[in-house]
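One structure below.
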Amino acid sequence: FPLITIPFVGIYSIFDWKTPQGIDWFYLILVGILTQLAQYYMTLSYQTANLSKVSSLTYLGVVYALGIGFFFFEETYSLYSLLGIGLIILAILFNMRVKTSK
């Protein structure tokens, strides 16, 4: 991920750089710390838990992103988006159920 994003974001930043002000620094540091913690625990879960269960839960990130957009940024979604969320949740539940029954 960084190998792809750093060149693109780096070039974009050269032409449209905005220096963070005041509380923005706090938010940037907080995002960095939480990202590192999330990466650490995700790696730990891949090492210690059932891989098929953990990997299927990564698809919940889409649902979280849409939920945060809805509640914090007042985004609205089409019927297809809501159906997609439902399909993701059903697929995860079905995958977990099938894996535990074997």
Side-chain angles (χ1 to χ4, degrees):
F1 180 72
L3 291 175
I4 301 298
T5 56
I6 288 174
F8 287 109
V9 172
I11 292 169
Y12 177 77
S13 295
I14 290 171
F15 299 106
D16 196 33
W17 176 255
K18 305 277 191 288
T19 303
Q21 302 289 322
I23 194 76
D24 295 341
W25 286 106
F26 170 75
Y27 291 136
L28 286 171
I29 291 170
L30 187 64
V31 165
I33 291 170
L34 292 176
T35 301
Q36 289 298 354
L37 285 172
Q39 182 67 43
Y40 171 76
Y41 284 111
M42 185 177 70
T43 303
L44 187 65
S45 70
Y46 276 122
Q47 292 174 347
T48 58
N50 184 344
L51 186 59
S52 63
K53 288 183 181 179
V54 173
S55 62
S56 67
L57 290 175
T58 59
Y59 291 107
L60 283 176
V62 175
V63 178
Y64 293 143
L66 292 172
I68 289 170
F70 179 77
F71 289 111
F72 291 107
F73 301 110
E74 299 176 2
E75 295 176 349
T76 58
Y77 305 109
S78 68
L79 179 61
Y80 290 121
S81 298
L82 298 175
L83 287 173
I85 292 171
L87 286 174
I88 290 170
I89 292 172
L90 280 173
I92 290 170
L93 292 174
F94 182 70
N95 186 29
M96 294 178 85
R97 184 172 182 214
V98 168
K99 296 296 179 184
T100 56
S101 66
K102 287 186 176 183

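FYI, side chains are in, hydrogens and waters are out, and symmetry mates aren't considered; it's all heavy atoms of this structure.
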query: Has I4 got more than 12 heavy atoms of other residues, nucleotides or ligands less than 6.0 Å from its CD1?
result: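 Not buried by this count: 12 neighbours or fewer within 6.0 Å.
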- prompt: When you look at OH of Y46, are more than 12 heavy atoms from neighbouring residues, nucleotides or ligands closer to it than 6.0 Å?
  reply: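 Check passes, neighbour count above 12.
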- prompt: Which pair of non-hydrogen atoms, one from P20 and one from D24, has the smallest distance, and what is that distance?
  reply: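 For P20 and D24, the tightest heavy-atom pair comes out as CB-CB, 3.8 Å.
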Inter-residue atom distance [X].[atom1] - [Y].[atom2], 0.5 Å rounding:
| X | Y | atom1 | atom2 | result |
| --- | --- | --- | --- | --- |
| L28 | I23 | CG | CD1 | 10.5 Å |
| I29 | L34 | CD1 | CG | 12.0 Å |
| S45 | Y40 | OG | OH | 11.0 Å |

Under a 4.5 Å side-chain heavy-atom rule over Ile, Leu, Val, Met, Phe, Trp and Tyr, are [X] and [Y] clustered together?
| X | Y | result |
| --- | --- | --- |
| M42 | L37 | no |
| F71 | L66 | yes |
| Y77 | V63 | yes |
| F70 | Y64 | yes |
| I88 | L82 | yes |

